[in-house]
Protein chains: 2
Amino acid sequence: MRDATLRDVALLAGVSPRTVSNVVNGYARVTDHTRAKVERAIAELGYRPNVLARNLVYGRSGQLAVVVPYLDTPYFAELLQAIIPRARDRGYNVLIDQTDGDPEHERDLVRRAGRALLFDGMIFSPLGLSQDDLTAVDPSLPLVVLGERVSNGVFDHVGIDDVAASREATAHLIGLGRRRIAAIGDQPYPTGEAAQLRTRGYRQAHTDAGLPVDESLVIPTPRFNRADGSGAMRRLLDRPDPPDAVFCYSDLVALGALHVALERGLRVPEDLALIGYDDIEEGRYSNPPISTISPDKAAIAATAVDRVLDRIGSTEPLPGVEVRAAHRLVPRRSTVGRG
Amino acid sequence: MRDATLRDVALLAGVSPRTVSNVVNGYARVTDHTRAKVERAIAELGYRPNVLARNLVYGRSGQLAVVVPYLDTPYFAELLQAIIPRARDRGYNVLIDQTDGDPEHERDLVRRAGRALLFDGMIFSPLGLSQDDLTAVDPSLPLVVLGERVSNGVFDHVGIDDVAASREATAHLIGLGRRRIAAIGDQPYPTGEAAQLRTRGYRQAHTDAGLPVDESLVIPTPRFNRADGSGAMRRLLDRPDPPDAVFCYSDLVALGALHVALERGLRVPEDLALIGYDDIEEGRYSNPPISTISPDKAAIAATAVDRVLDRIGSTEPLPGVEVRAAHRLVPRRSTVGRG
DNA sequence: GTGAAAGCGCTAACAA
DNA sequence: TTGTTAGCGCTTTCAC
């Protein structure tokens, strides 16, 4: 049977569609008597407003797109976990897309996003997009980009201070007396901006301590996952002069590296100290648990949602801002041992 | 500036809306000349069809809701990772909701789902819903439920054979010579149907081997996460007669248990053998890697999407079917050691 | 407080 | 092949 429409309700209740609409939305004041009649009709027909039709009139969809490279990357999963309830509290549904880091797909997404009206705004964590790609985005699309970038003043960025955080992580290892510190995760090409910031912090810490950087210890990896961490660690340990510590650009990379180190019979942290980045739950349960840089994910999620909804709600385009969420270093057994 | 509408394009191209619609959707044949005119106008105005309006006419939203208890549970993240591209290939967007396992929220979701028209169908992985709750669902909603259940004949179920898989996991431990085998994850209440199936398999394996079950080794946990695994393991190891093996109802539980065992100085698997369930990537990288039951996630995702889209496409209600995806036991070092 | 009617942007039956 | 037009189901201006 066809779903009941507002018209059906009006007919049954003996009132006009206008009145039904008033009752449903609580817009205008309605007589108690009329309201009762309408509500009875609604119940009897099992009427539910058609969201699509309503949205068409309002010119908005009530949906927020969240685009991440990989859903099974714990960092993104944990972020989404925080984004979804926040959006729901503010009346928005979350539409998820994953790009697999495919630049084509990512570009396509931000380009066509604007007018489609399938979603009113977007929170986007790009992987294969350069600054240029992002500049080409339709500025009328309410957009918040995750991860630190040089702001172009058009949309918002939400992230932590990657350079400072990486400097702290590296300084932590230096402070522990380590001198041959490797870095796993550099991405020396246009789309690797985030990785490059971390490398910069790594260098700064060395400079601050008056130590040289052994460039051969800076290992690039295409992705920030376990497999890449394992591979890089293997190459590092095959050298005649392996490192005594490693700064990994994500916890996943650190977990992959840890796996290889233990497999080779190294003691962590005695022979090799390890620190990661992201503070995913998995790192708290690994053996040993891994030290990490913990970004304030709740703040990042909340800010991203709030900013994009503010943009949606605003009639005139808001200037793009750069938001830096807090972070802190969490020392665990992979660097400080059982101390 | 207001977005261009189909009407604007028609005006500019000097044709009727009908013709523009034809060009956009490739419905009827259009003269090359006319087509060119229209396309020029589209390009000039930067016209994009309004999806909302189109959907209103079609009476469908082109969206598929996927509801999971927790997004940051790797098993669900990995499943979603497979569901999203499959749905996209078939022209559907994925709308995600997480319920935190809240029965109220879950019940609410399946109840109101039907007519809202925000999504055309739903793939649902319930946690706090009993068979009764599910039976109350509007049968006109194209729905696929994840996880094994007794079918009620109304909607589809997709899962693996939990009893058989659990029997194999337990038999694997028995075959290794273990005799005091604990089980972590039972849920002896109406909403714990899935857990109970695993307990049943655990028992069957004992019966098959002519061994008694020590009921005090069956440990219930409210959730299937790391913290619950840790807690249960702690209680188990505090006993005077700790187990020599553990069957965990999820890899996350196993990882939590492993963490505690190693912390207490136990050797795994020499002192304690561990097997999990789900085959999440994390278990392949833990130290030692954990043996597990590996469900065919790709098949589960593909089947779930296909079934729900078939239901959406069908005019008359399809009978509910029970789909059993394949699974296999993956032995790793947490049970077989470095053999 | 309630009704009549226009219109959100699109599709598709019906005509021409 | 193309134009005219009536909705899809809802909100809301304008009258009463």
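We name chains A, B, ... by the order of the sequence lines, and we start the count at 1 in each one. Computed from heavy atoms alone, side chains included, the values below leave out hydrogens, waters and symmetry copies.
With hydrogens and angles ignored, the 3.5 Å screen pairs a side-chain donor or acceptor of B:Glu106 with a backbone N or O of B:Leu127. Side-chain atoms of A:Thr31 never come within 3.5 Å of backbone atoms of A:His33 as a donor-acceptor pair (strictly under, hydrogens ignored). Using modelled atom types, one side-chain atom of B:Asn25 and one backbone atom of B:Ser21 make a donor-acceptor pair closer than 3.5 Å. Between the side chain of B:Gln81 and the main chain of A:Asp72, a donor-acceptor pair closer than 3.5 Å is present.
Across C:dC10, D:dT13, D:dG3, the shortest atom-to-atom separation from the side chain of B:Pro49 is found for C:dC10. With D:dT2, C:dG3, D:dG3 as the candidates, the nucleotide lying closest to the side chain of B:Asn22 is D:dT2. For A:Leu56, the listed nucleotide lying nearest its side chain is D:dG9; candidates were C:dC10, D:dT2, D:dG9. Looking at the side chain of A:Thr5, the nearest of the listed nucleotides D:dT12, D:dG9, C:dC10 is D:dG9. For A:Arg54, counting side-chain heavy atoms from C-beta on, the closest listed nucleotide (D:dT11, C:dC10, D:dT2) is D:dT11.
Atom pair B:Tyr58:OH and D:dG7:P shows a separation of 19 Å (rounding to whole Å applied). In this structure, CG of A:Leu6 is placed 9 Å from C1' of D:dT11, rounded to the nearest angstrom. Distance, B:Arg18 CZ to D:dG7 P: 17 Å, rounded to whole Å. A:Asn25 places its CG atom 17 Å from the P atom of C:dG1, with the value rounded to the nearest Å. The CG-C1' distance, from A:Asn50 to C:dC8, rounds to 13 Å in whole Å. Across the protein-nucleic acid pair, A:Arg60 atom CZ and D:dT11 atom C1' stand 13 Å apart, rounded to whole Å. One atom, CG of B:Leu11, and another, P of D:dT2, lie 17 Å apart when rounded to the nearest Å.
Each of A:Val24 and B:Pro17 was assigned the nucleotide of DNA chain D with the nearest heavy atom; the assignment lying further toward the 5' end belongs to B:Pro17.
Across all strands shown, A:Ser21 has heavy atoms under 4.0 Å from base atoms, whether or not it also approaches the sugar-phosphate. Residue contacts for A:Asn55: at a heavy-atom cut-off of 4.0 Å it reaches no nucleic acid atom on any strand shown.
In the model, B:Asn22 has a side-chain atom that pairs as donor or acceptor with a side-chain atom of B:Arg18 under 3.5 Å.
Contact annotation: A:Tyr47 reaches the phosphate of D:dC10 (side-chain N/O to OP1 or OP2, under 4.0 Å). Residue B:Ser16 has a polar side-chain atom (N or O) positioned under 4.0 Å from OP1 or OP2 of D:dG3.
Counting distance only, with no hydrogens placed and no angle test, the side-chain atoms of B:Arg7 and the base atoms of C:dG9 include no donor-acceptor pair under 3.5 Å.
Summarising the local packing, CZ of A:Arg90 is surrounded by more than 12 heavy atoms from other residues, nucleotides or ligands at distances under 6.0 Å.
Residues from residues 30-41 of chain B lying near DNA chain C, meaning a heavy-atom separation below 4.0 Å, are absent.
Closest heavy-atom contact between B:Arg107 and B:Asp133: NE-OD1, 3.0 Å.
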